[in-house]
Amino acid sequence: MVIECQQLWKIYGGRNAACAQDGRTVENVIEEAERAGGHVALADINLRIETGETLVIMGLSGSGKSTLLRCLTRLVEPTTGSVSFDGTDLMKLNRSELLALRRSKMSMVFQNFALLPNRTVLGNVELPLEIQGQDAKSRRTRALDMIELVGLKSREDFFPHELSGGQQQRVGIARSLCSNPSLWLLDEPFSALDPLIRHEMQDELLRLQSSLSKTVVFVTHDFDEAARIGDRIAILRQGRLIQCGTAEDIVYSPADAYVKAFTAAVDRSRIIKAQRFIEPGAPAKMDGVLPLSATLKDVSQAFGTGASVVGFHDGDRNVVGFMRRENLGEALVQAAL
Ligand SMILES: Nc1ncnc2c1ncn2[C@@H]1O[C@H](COP(=O)(O)OP(=O)(O)O)[C@@H](O)[C@H]1O
Ligand SMILES: [Mg+2]
């Protein structure tokens with residue numbers, strides 16, 4: 001499932017036609033829309049999300065994250081621009097085609113869980129299949145599988161109020177996976193959970209994603225969460241896409257002070273890879289080997305256990321570079337800049 005947004009705009013209120021660019025700058029269009037009483041929630045977003053990729057959308061509250069996520073399914077109708085789904089232009093679908101596509105290919109997990117209070121775990125999880133019109137037996141089988149997948153086996157008959165926040169969100173996740181969507185959208189799914197549970201749920205998501213390989217768009221305002229979960233991170237500010245790249249790109253070369261502020265509290269050595277500091281070739285002698293994807297933190301741990309030269313392999317067991325213990329300090333200083 002490849003998703004592509006081109007020149008996507010969302011203006012709430014005001015006169016909608018205002019945002020056709022016609023050679024004007026983005027700033028001009030924003031000014032004009034605001035003068036007409038509109039609120040620009042998304043301005044000229046261009047983004048491509050690859051099959052199997054996990055893209056995280058980050059930004060302060062009000063920066064347009066939920067609006068962007070919802071525009072991807074037209075739950076929020078974009079003002080102009082295009083959204084395509086494996087080459088199908090979503091903007092050209094009529095109401096029933098859109099509903100059919102949403103039901104079969106997309107699903108969403110919400111911050112506040114959005115469970116039906118008068119239905120059991122099983123009743124909530126099987127809901128999407130009920131809406132699709134599947135028969136009771138097959139939807140029950142599938143729902144029970146999903147409940148087991150998220151670790152809630154034996155809780156099928158509980159009601160939402162009998163579960164903890166973390167368990168309720170597991171129900172939300174099971175429900176969203178029930179229809180086996182190709183595109184999985186999560187809007188701050190763990191924000192309502194306390195930090196320990198949150199970390200556990202991130203692990204759970206990573207575990208699920210490693211076997212499911214869906215195209216995932218995940219909204220958060222927490223950079224640590226973004227870095228753990230995302231292949232790439234897209235940063236929004238006031239509806240503008242400021243930067244899109246790997247956690248390492250963003251930590252190592254933030255586009256501006258706004259982006260940098262998100263990464264201020266981050267342990268950079270856990271994100272920046274040793275690869276950019278290594279010497280090429282194989283060393284005459286080495287005390288350990290790490291993958292090229294190792295972070296400076298991994299390397300410093302290897303040195304901490306007594307190694308003085310560490311080699312790096314390319315995944316095919318070829319050693320393609322190395323680092324000496326005495327060069328780590330310089331790398332850490334560089335990374336902290
Ligand atoms: N239905 C709406 N009508 C008017 N303004 C809205 C609506 N939904 C969101 N907004 C505004 O659009 C901006 C972006 O909102 P949102 O996408 O919810 O941001 P985020 O999810 O990043 O907090 C905010 O300023 C918000 O107040
Ligand atoms: Mg939001």
Side-chain angles (χ1 to χ4, degrees), residues 3 5 7-19 26-27 29-47 49 54-83 90-91 98 102 106-115 165 168-169 172-173 176 183-193 198 201-202 205 216-227 229-230 232-244 250 254-263:
I3 300 154
C5 306
Q7 297 181 307
L8 187 70
W9 288 75
K10 177 63 191 181
I11 301 177
Y12 290 109
R15 274 179 291 129
N16 282 351
C19 61
V26 171
E27 279 69 25
V29 178
I30 293 174
E31 264 172 38
E32 202 163 302
E34 285 176 351
R35 238 182 292 128
H39 178 83
V40 180
L42 294 177
D44 194 40
I45 304 291
N46 293 284
L47 194 59
I49 309 165
T54 300
L55 180 87
V56 173
I57 303 173
M58 271 195 82
L60 295 179
S61 175
S63 58
K65 304 181 296 295
S66 298
T67 301
L68 177 53
L69 195 73
R70 284 155 188 255
C71 279
L72 298 181
T73 63
R74 280 179 66 193
L75 277 174
V76 164
E77 197 66 57
T79 306
T80 59
S82 74
V83 178
L90 223 56
M91 307 308 290
L98 185 62
R102 273 196 207 131
M106 308 167 166
S107 75
M108 183 113 135
V109 178
F110 302 91
Q111 176 176 359
N112 58 3
F113 321 142
L115 304 178
Q168 289 185 48
Q169 193 55 300
I173 288 172
S176 71
L183 174 61
W184 198 21
L185 305 167
L186 302 99
D187 194 353
E188 306 205 35
F190 308 145
S191 298
L193 306 175
R198 187 173 180 151
M201 295 297 285
Q202 290 164 2
L205 187 87
V216 180
V217 187
F218 185 104
V219 172
T220 182
H221 54 253
D222 173 9
F223 189 82
D224 280 321
E225 182 163 86
I229 287 176
R232 282 186 308 153
I233 302 173
I235 299 191
L236 292 180
R237 181 185 65 215
Q238 294 177 344
R240 305 286 301 271
L241 180 59
I242 302 295
Q243 189 169 10
C244 186
I250 284 166
D256 64 12
Y258 173 86
V259 175
K260 198 165 181 178
F262 275 110
T263 68

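Counting from 1, the numbers follow the sequence of the chain as shown. For ligands, and for the atoms within them, numbers begin at 1 and follow the listed sequence.
By the definition of a contact as any protein heavy atom under 4.0 Å away, atom 25 (O) of ligand 1 is in contact.
Backbone or side-chain N, O or S atoms of S66 reach the Mg ion (ligand 2) at under 2.8 Å.
The nearest pair of heavy atoms linking M91 to V83 is CG-N, 4.0 Å. In terms of heavy-atom proximity, D187 sits nearest to S66 at OD2-OG, 2.8 Å. F262 and L60 get closest at one heavy-atom pair: CZ-N, 3.6 Å.
Residue, atom and distance of the protein heavy atom nearest to atom 18 (O) of ligand 1 are S66 CB, 3.9 Å. Shortest contact from atom 15 (O) of ligand 1 to any protein heavy atom: T67 OG1, 3.8 Å. For atom 11 (C) of ligand 1, the closest heavy atom belonging to the protein is H39 CD2, 3.8 Å. In terms of protein heavy-atom proximity, atom 9 (C) of ligand 1 is closest to Y12 CE1, 3.4 Å.
Comparing G64, G59, A41, G62 by heavy-atom distance to atom 23 (O) of ligand 1, the nearest is G62.
The shortest distance between side-chain heavy atoms of M108 and L186 does not fall below 4.5 Å. Side-chain contact between K10 and R70 is absent, with no heavy-atom pair separated by less than 4.5 Å.
Between the side chain of Q169 and the backbone N or O of F110 there is at least one donor-acceptor pair closer than 3.5 Å.
Numbered from 1 in the order shown, with element, the atoms of ligand 1 that lie under 4.0 Å from a heavy atom of L60 read 22 (O).
At most 12 non-hydrogen atoms from other residues, nucleotides or ligands lie less than 6.0 angstrom from CD of Q238.
Neither the backbone nor the side chain of D187 has a heavy atom within less than 4.0 Å of ligand 1.
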